[in-house]
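All of these numbers come straight from a predicted model, not from anything done at the bench. Worth knowing before you read on, the calculation uses all heavy atoms, side chains too, and leaves out hydrogens, waters and symmetry mates.
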Amino acid sequence: MKWLLIFWGGPVMVLTGWYGLSYYDMSFGIFMLTREAHDLVFRIYGHILGIPPETIPPLVARAMVVDTLIVFGLVALRNWRLIAAWCRRRFGAPQSSEVPSLASEANLSSAP
């Protein structure tokens with residue numbers, strides 16, 4: 001499971017980092033982080049796919065969201081017993097032995 005998260009999270013972080021840095025033209029002297037490279041990459045992908053380049057980033061973002069849901073779904077499926085036990089402990093009704101008694105000897109009235 002660790003490797004699944006590494007092989008999923010690594011490319012997501014690299015792609016998101018590249019997109020953010022190149023979109024805002026924070027190049028640090030590296031051509032691939034310039035806005036020109038950003039526009040060139042999306043023009044090439046747009047030409048290959050036959051769609052306008054400005055429609056590609058939302059498609060990639062949606063694909064990343066779907067992939068994230070699939071990966072977290074797999075993790076949840078693998079650990080469903082642990083998750084269910086945590087939910088029962090966190091949100092379940094308390095057991096009768098866990099309910100503290102509100103009555104105490106100091107608070108009891110001796111009135112008839």
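If you chain together hydrophobic residues whose side chains sit under 4.5 Å apart, M32 and F28 fall into the same group. Both I56 and M64 are assigned to one and the same hydrophobic cluster, defined by single-linkage of ILVMFWY side chains at heavy-atom distances under 4.5 Å. Hydrophobic clustering, with ILVMFWY side chains joined whenever heavy atoms are under 4.5 angstrom apart, groups V66 together with V71. Under a hydrophobic clustering in which Ile, Leu, Val, Met, Phe, Trp and Tyr are joined whenever their side-chain heavy atoms come within less than 4.5 Å, directly or via other members, V12 and F7 fall into different clusters. Residues Y23 and Y45 fall within the same hydrophobic cluster, defined by Ile, Leu, Val, Met, Phe, Trp and Tyr side chains chained together at heavy-atom separations under 4.5 Å.
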Exercise for the section: Walk me through it: do L59 and I51 pass the test side-chain contact (heavy atoms from CB on, under 4.5 Å)? Expected result: CA-CA 11 Å; L59 294 174; I51 59 176; 3.9 Å; yes
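Looking only at side-chain heavy atoms (C-beta outward), I83 and W80 stay at 4.5 Å or farther from each other. Using a 4.5 Å cut-off on side-chain heavy atoms (C-beta onward), V41 and W18 make contact.
Closest heavy-atom contact between A37 and F31: CB-O, 3.2 Å. When all heavy atoms of S22 and H38 are compared, the pair lying nearest together is OG-ND1, 2.9 Å. Residues P53 and F42 approach most closely at CB-O, 3.4 Å, considering heavy atoms. Closest non-hydrogen pair, T55 versus P58, comes out as O-CD, 3.4 Å.
Interatomic distance, CD1 of I70 versus CG of L74, reported as 7.5 Å (0.5 Å rounding). Between the CD1 atom of I44 and the NE2 atom of H47 there is a distance of 9.5 Å, given to the nearest 0.5 Å. Between atom OG1 of residue T68 and atom CZ of residue F72 there is a gap of 6.5 Å, rounded to the nearest 0.5 Å.
In this structure, D67 has no side chain to side chain donor-acceptor pair (under 3.5 Å) partners at least two apart in sequence or on a different chain.
Listed by first and then second residue, the salt bridge (Lys or Arg N to Asp or Glu O under 4.0 Å) pairs involving residues 23-38 are R35-D39 (not counting sequence neighbours).
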